[in-house]
2 protein chains.
Amino acid sequence: MGERSRGLTATELEAYFAFTEVSSLLRHSVEKQLRDAGDLSYVQFQLLARLGDAPDGRLRMTDLADGVVYSRSGLTYQAQLLEQRGLVTRGPSPEDERSTVVTVTEAGRDALDTVFPGHVAALRELLFSALTDADVEELARILGRAAGQLRANPPRSAAPRRRKGQ
Amino acid sequence: MGERSRGLTATELEAYFAFTEVSSLLRHSVEKQLRDAGDLSYVQFQLLARLGDAPDGRLRMTDLADGVVYSRSGLTYQAQLLEQRGLVTRGPSPEDERSTVVTVTEAGRDALDTVFPGHVAALRELLFSALTDADVEELARILGRAAGQLRANPPRSAAPRRRKGQ
DNA sequence: TATTGTTATACTCTATAACTATA
DNA sequence: TATAGTTATAGAGTATAACAATA
């Protein structure tokens, strides 16, 4: 970025550019794989995967959204799509009548199983094949730190609600 | 991802999750900053930044697109937006009459200058503040490798055209 | 014939605000 | 009053295919 790079060191710039490049290319490839293999968008895959890992495959809408979707209406939209396809069910929470609980169905787990091998293969081929075990460890450590920092810095200029929406 | 994680080591999974988390949160924050500070989308910022670094601030459409936009019509759309705002100009190439050359205007450079300090500040605060100099060097090295690998693996199942769209 | 770019079109996704209902 | 979620609506962005023009 030429002169505008003042404020970042050369190494920082290099790391940032590499990060954005990897992020963009990897995301694009992965999205294509998920679409081709299971007709899932990346967001839908993330939501299903999250539910698949949750106890009983169930999560409240609010907890499901975290980090994946940045507006509540966006989550409602995606949850509707998944429900229409029979990959999740939605129902009221027994504990808190305001809440909606989303649950993965068997079909939802099948969709994950269908998509997952290709997903892993893509990651291995596109990302990990170029890295040593030590690289991967370093990457996990460093990005883990960065993730912690980002989590601790919620988007500023907060809006109406604190948790989900923006 | 529970049992479905077979095929990736625990460390690989950890690295991948951290990567997606950082990518998502950072992108979201940066997009907000660019929008607030200069009414630019992330894609528009990338296009302007690329032009700002190019000799004479000029690039052919095809060269401008690389890695930023994945369809030719998408680039045309964004270039139109930038041209309407006076941030770039478009004109025919003298060498190849088929080509369109895009050039940053002074207003375009001003827009970059307006947005850049906040952009750098966000990166410093959200990403680099948590990392040591050695971390940043490692990150640049590792992600540089990964980027090379990704560049060498163009999106498979190629389509109509080879370079940009597909 | 292949390449560069534009246009028309349809579609996906996201965000804002207004609204309902429960705590 | 605050929280959880939905709905209506509008807007931004992307992709595909058909197209025109030049190499």
Side-chain angles (χ1 to χ4, degrees), chain A residues 24 27-28 31-32 34-36 39-47 59-85 88-102 155 157-166, chain B residues 24 27-28 31-32 34-36 39-47 59-85 88-102 155 157-166:
Chain A
S24 169
R27 172 80 175 247
H28 193 254
E31 283 189 338
K32 173 159 180 46
L34 293 172
R35 182 68 66 194
D36 291 349
D39 196 29
L40 292 175
S41 73
Y42 190 64
V43 166
Q44 289 163 1
F45 171 69
Q46 286 183 96
L47 295 176
L59 284 174
R60 298 191 323 149
M61 289 286 280
T62 294
D63 300 322
L64 178 57
D66 273 320
V68 175
V69 163
Y70 296 91
S71 76
R72 293 165 292 127
S73 62
L75 177 58
T76 296
Y77 171 75
Q78 293 294 343
Q80 280 173 342
L81 292 185
L82 291 174
E83 189 178 38
Q84 283 164 18
R85 289 175 56 182
V88 306
T89 58
R90 287 187 294 173
S93 165
E95 305 142 12
D96 186 334
E97 288 285 331
R98 294 172 302 180
S99 290
T100 294
V101 171
V102 186
S157 74
R161 300 185 184 182
R162 261 154 298 162
R163 293 191 65 172
K164 258 355 28 70
Q166 85 281 198
Chain B
S24 170
R27 172 81 174 246
H28 195 254
E31 283 189 339
K32 175 159 178 44
L34 293 172
R35 182 69 65 194
D36 291 348
D39 196 29
L40 292 175
S41 71
Y42 191 62
V43 166
Q44 288 162 1
F45 171 70
Q46 285 183 95
L47 295 175
L59 283 174
R60 298 190 324 149
M61 289 286 279
T62 293
D63 300 323
L64 178 57
D66 274 319
V68 176
V69 162
Y70 295 91
S71 76
R72 290 164 295 128
S73 61
L75 177 58
T76 296
Y77 171 75
Q78 293 293 346
Q80 281 172 342
L81 292 184
L82 292 174
E83 188 179 38
Q84 282 164 19
R85 289 175 55 182
V88 306
T89 57
R90 287 188 294 173
S93 164
E95 303 142 13
D96 186 336
E97 287 287 328
R98 295 171 303 182
S99 291
T100 297
V101 171
V102 186
S157 74
R161 299 186 184 181
R162 261 153 299 162
R163 293 192 65 174
K164 242 38 338 91
Q166 101 265 213

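Per chain, numbering begins at 1; letters A, B, ... match sequence-line order. Note: hydrogens, waters and symmetry copies are ignored here, and every other heavy atom, side chains too, is used. Computed from a predicted model, the values in this text were never measured in an experiment.
- A side-chain hydrogen bond (donor to acceptor under 3.5 Å, both in side chains) with Gln78(A) holds for exactly one of Gln46(A), Gln44(A), Glu83(A); it is Gln44(A).
- What separates CD of Glu95(B) from P of dT4(C) is a distance of 13 Å, to the nearest Å.
- Between the CG atom of Leu75(B) and the C1' atom of dG13(D) there is a distance of 13 Å, given to the nearest Å.
- Between the side chains of Arg60(A) and Ser99(A), at least one donor N or O sits under 3.5 Å from an acceptor N or O.
- Distances shorter than 4.0 Å separate some side-chain N or O of Arg60(A) from OP1 or OP2 on dA4(D).
- Between Val88(B) and Val102(B) there is a side-chain heavy-atom pair separated by less than 4.5 Å.
- A salt bridge links Arg27(B) to Glu31(B): at least one charged side-chain nitrogen sits closer than 4.0 Å to a carboxylate oxygen.
- In this structure, the side chains of Leu47(A) and Leu75(A) come closer than 4.5 Å at one or more pairs of heavy atoms.
- In this entry the distance linking CD of Gln46(B) with C1' of dG13(D) reads 14 Å, nearest Å.
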Anything under 3.5 Å between a protein N or O and an N or O of nucleotides 8-14 of chain C, put it in a table, one pair a line.
residue: dC13(C); atom: OP1; partner: Arg35(A); partner atom: NH2; Å: 3.4
residue: dT14(C); atom: OP2; partner: Gln78(A); partner atom: NE2; Å: 3.2

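- Among residues two or more places apart in sequence or in another chain, the side chain to side chain contact (heavy atoms under 4.5 Å, CB included) test is passed with Gln84(A) by Gln80(A), Leu81(A).
- Proximity of Met61(B) to Thr76(B): side-chain heavy atoms (C-beta onward) are separated by under 4.5 Å at one or more points.
- Rounded to whole Å, atom P of dT7(D) lies 10 Å from atom CD of Glu83(A).
- In this structure, the CD atom of Glu97(B) is 11 Å from the C1' atom of dA23(D), given to the nearest Å.
- Here Ser99(A) lies in heavy-atom contact (under 4.0 Å) with sugar-phosphate atoms only.
- Here the nucleotide nearest the side chain of Arg98(B), chosen from dA15(C), dA23(C), dT3(C), is dT3(C).
- Atom CD in Gln84(A) sits about 14 Å away from atom C1' in dT6(D), given to the nearest Å.
- Rounded to an integer number of Å, the gap from CE of Met61(B) to P of dT7(C) is 10 Å.
- Between Gln80(B) and Asp96(B), the residue anchored closer to the 5' end of DNA chain C is Asp96(B), taking for each the nucleotide with the nearest heavy atom.
- If you measure from atom CZ of Arg72(A) to atom C1' of dA8(D), you get 14 Å, rounded to the nearest angstrom.
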